[in-house]
Amino acid sequence: MSLTKKINRSKLMSTETLHHASYLAIAKTRAKALKAFSLVMPIPRPMLFVGETACDELCDMLINEGATKVFIVTDAVLNKLGVPAKVTDYLEKNNISYHIFEGITPDPTFTVVEEGLQQSIDAGCDAVIAIGGGSVIDAAKMMAMAQGNNCQPKQLIGLFKAKKSSLPLYCVPTTAGTGSEATLGAVVSNDRTHQKELSIDPKMVPLAAAIDPTIMQGMPAHITADTGVDVLTHALEAWMSANANAETDYYAASAAKTVMQYLPRAYADGSDLKAREEMGVAAHYGGIAFNKAGLGYVHAIAHQLGAYYGIAHGRANAIVLPYILDLNREASEKRLAKLAKKINLVDRNQVNSSDGELADYLIAKVRELLETVGIDPVVKGMQQSDFEAIAKAAAKEVSDTYAVPTYMPASGIKDILMRIKTASDERPNDSSATKAV
Ligand SMILES: [Fe+2]
């Protein structure tokens, strides 16, 4: 290498080191503020109904709360399959009228949310039931909150923008993934840029959720895998977060344990109702865990992969997760070892293992699970020219929102992106990642 190149390279490195030092200082200050805030901010919990009669119980609660006309938010596929009937039949039996909005698309935009809001207002609805996956529930949260506050959904983007309560909101998740029915946030996509915009407010937490395994049994295997790994990622990122506490640890460990045990069953046999129910509850627990502990680089990078390349959220998490476990391996060694023991991954032969060995074992088990549920680590269409912007946006999401155990400079994120691209390019042509659902 010539002297000029060496000098230029060392200049670049020192500039990046300086940028990283200031990024680190800002990120750590924000993380401390988030922790202080999470300790004093009460986050409501939805009433949880579980089992084959969960929808009836949810409707009973809604009726007892005085709802007269219900706005049902779903998507066209679920509506065509007749999934909302489990709720609407019960409402009809009890003489409660309803209006169905089936216009939710994957990664719904403001236009979609505004259209639903207008229909709910025009129909005179006074309660909302969301029946669907994360996209449906997030859109319903925004509609219910906007109607309750007599404002436009865009005005709710950011932290604690709502002045009044949301319309009473009830959720029937049809996938076991986002845990959105338990969380205080909702994501809406910008119509033009497709970047995701976030609204966070404790008033957004739904009043109740029904986890009905019979509704989830029709979920295809690849969606079961993607959404199930999303649950595991919520649990692991919440567990490794610097803002984790005893309460979030309980829910994160419960969710992780359940996914390791039941996701292979739900993936292998969709009609295994016990596995479906356990995964539904795990998704809910994952949501409770990250409500306070937050997430990390896996989600920050996965959100960008979704925005740029249209890859499904859970699949993007599954692809990024092993890289971030490796990144955090040293800083989170003790925590990962503790989790391995807590979720019963460790057998009698490993009682004398070091924390390092147990952390490695946990990471190996996660990799094994990803393979068992058929995660193909491919992102189609990755362009190196996008990596600068992706790294910048992911780093911003981390510093704005999360308290991660290990911070990395932008070059570290770009390095991970390059490794994902290389691995994707090396896969045979017929291998494909699932598109967003
Ligand atoms: Fe997620």
Side-chain angles (χ1 to χ4, degrees), residues 106-108 130 132-139 141 171 173-189 195-200 204-205 209 219 222-241 243-244 248 251-252 254-256 258-259 263 279-325 328 366 369-370 373 375 379 393-394 397-398 400-404 433-437:
D107 302 319
S135 293
V136 167
I137 295 174
D138 276 14
K141 280 175 165 175
C171 296
T174 56
T175 60
T178 64
S180 180
E181 77 284 355
T183 68
L184 72 170
V187 172
V188 186
S189 291
Q195 287 290 320
K196 300 199 169 168
E197 300 190 21
L198 183 63
S199 172
I200 292 180
M204 203 171 258
V205 177
M219 208 190 329
H222 68 277
I223 298 178
T224 301
D226 291 350
T227 51
V229 175
D230 190 25
V231 179
L232 181 64
T233 310
H234 296 156
L236 291 172
E237 295 213 286
W239 180 268
M240 291 186 290
S241 165
N243 285 352
T248 63
Y251 287 104
S254 299
T258 302
V259 175
L263 179 56
M279 284 301 301
V281 174
H284 192 78
Y285 281 9
I288 293 174
F290 81 75
N291 254 348
K292 282 207 168 183
L295 297 165
Y297 276 109
V298 183
H299 272 76
I301 297 172
H303 285 150
Q304 296 306 317
L305 294 179
Y308 275 77
Y309 309 117
I311 187 167
H313 174 68
R315 179 62 58 99
N317 277 333
I319 293 169
V320 179
L321 180 60
Y323 295 99
I324 303 304
L325 286 174
N328 291 343
V366 170
L369 176 76
L370 298 179
V373 299
I375 298 296
V379 184
E397 182 172 328
V398 168
D400 284 357
T401 332
Y402 309 136
V404 296
T434 314
K435 295 287 285 182
V437 289

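What you see below is based on every heavy atom in this structure, not just the backbone, and it leaves out hydrogens, waters and symmetry mates. A quick note: this is a predicted structure, and the numbers were derived from the prediction, not measured. Whatever order the structure lists them in is the order used to number ligands and atoms, beginning at 1.
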Contact between [X] and [Y] at the side-chain level, heavy atoms closer than 4.5 Å - yes or no?
{"X": "Leu232", "Y": "Leu369", "result": "yes"}
{"X": "Glu237", "Y": "Tyr402", "result": "no"}
{"X": "Leu263", "Y": "Val229", "result": "yes"}

Geometric class of the His303/His313 ring pair [parallel <30°, tilted 30-60°, perpendicular >60°]: parallel
The Fe ion (ligand 1): protein N, O or S atoms that are less than 2.8 Å away, sorted by chain: Asp230 OD1, His234 NE2, His299 NE2, His313 NE2
Contacts of type side chain to side chain contact (heavy atoms under 4.5 Å, CB included), residue Ala130, not counting sequence neighbours: Val136, Ile137, Ala140, Cys171
Residue pair Gly286 / Ala255: nearest heavy atoms and the distance that separates them: N-CB, 4.0 Å
